[in-house]
Amino acid sequence: VQMGKPDFAPEKIATAGQEKVWGRPFEVNGKTYYQLEYAIERSNGELRHDLVTVTTGRGNLYTLSVSAKATRWQKVKDLFQKVADSFVVE
């Protein structure tokens, strides 16, 4: 599967039930990455907030996912953003 460059801004790109999915493409050294941020309610009722970064390379899909309970998200979101932004596939 080849991922193209979508034409969307960092804004809501989907709604799953009551939850919003936010996404943005960005480039590092000519390689396109996609970052998604969303909140979900797990089957046990726990609310989680996720930040996922994906890219492709050499025929593989590479994914970095960081997640926290929604109640902790405000405390860890800046750290998680730094972690997600540091994800690079050579």
Side-chain angles (χ1 to χ4, degrees):
V1 175
Q2 185 170 356
M3 296 171 63
K5 295 182 181 180
D7 184 22
F8 62 83
E11 58 186 61
K12 183 177 80 167
I13 58 173
T15 301
Q18 296 292 327
E19 308 307 330
K20 293 182 176 75
V21 178
W22 301 85
R24 71 178 179 98
F26 63 97
E27 287 195 15
V28 176
N29 298 328
K31 180 180 284 295
T32 302
Y33 292 76
Y34 303 89
Q35 199 166 81
L36 304 171
E37 182 179 336
Y38 54 91
I40 61 169
E41 181 176 350
R42 299 180 66 184
S43 60
N44 66 1
E46 177 185 53
L47 296 174
R48 306 259 334 155
H49 201 110
D50 294 66
L51 182 60
V52 179
T53 305
V54 298
T55 193
T56 60
R58 298 180 301 278
N60 297 304
L61 175 67
Y62 297 92
T63 305
L64 172 74
S65 178
V66 290
S67 178
K69 289 184 177 182
T71 56
R72 289 196 36 84
W73 182 252
Q74 291 303 315
K75 295 176 186 173
V76 298
K77 71 178 184 176
D78 291 338
L79 173 62
F80 280 8
Q81 188 65 59
K82 287 180 185 176
V83 170
D85 288 345
S86 73
F87 178 60
V88 176
V89 175
E90 298 292 329

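- R42 and D50 are not joined by a salt bridge, as no carboxylate oxygen comes within less than 4.0 angstrom of a charged side-chain nitrogen.
- Remark: the backbone N or O of V54 is not paired with any side-chain donor or acceptor of T63 at under 3.5 angstrom.
- Residues Y38 and F26 do not share a hydrophobic cluster, defined by chaining ILVMFWY side chains whose heavy atoms lie under 4.5 Å apart.
- Applying the 6.0 Å contact sphere to CG of N29 captures no more than 12 heavy atoms from other residues, nucleotides or ligands.
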Exercise for review: Run the numbers on E46 and E41 for side-chain contact (heavy atoms from CB on, under 4.5 Å), then give the verdict.
Suggested key: CA-CA 6 Å; E46 177 185 53; E41 181 176 350; over 6 Å; no

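- Heavy-atom minimum distance, F80 versus A68: CE2-CB, 3.8 Å.
- Distance alone, capped at 3.5 Å, is enough to place a donor-acceptor pair between the Y33 side chain and the V89 backbone.
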**Study point:** Pair L64-V83, side-chain contact (heavy atoms from CB on, under 4.5 Å): steps then yes or no
**Key:** CA-CA 9 Å; L64 172 74; V83 170; 4.1 Å; yes

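- A side chain to side chain contact (heavy atoms under 4.5 Å, CB included) with S65 is found for one member of L36, V52, T53 and no other, namely V52.
- Here the closest heavy-atom approach between residue G57 and residue Y62 is recorded as O-CE1, 3.4 Å.
- Applying side chain to side chain contact (heavy atoms under 4.5 Å, CB included) to K31 and the options T56, V88, T55 leaves one that passes, T55.
- Put simply, the side chain of V76 does not reach to within 4.5 Å of the side chain of H49, judged on heavy atoms.
- Counted by atom type alone, E37 and Q81 present zero donor-acceptor pairs between their side chains at under 3.5 Å.
- Residues W73 and L47 are not in side-chain contact: their nearest non-hydrogen atoms beyond the backbone lie 4.5 Å or more apart.
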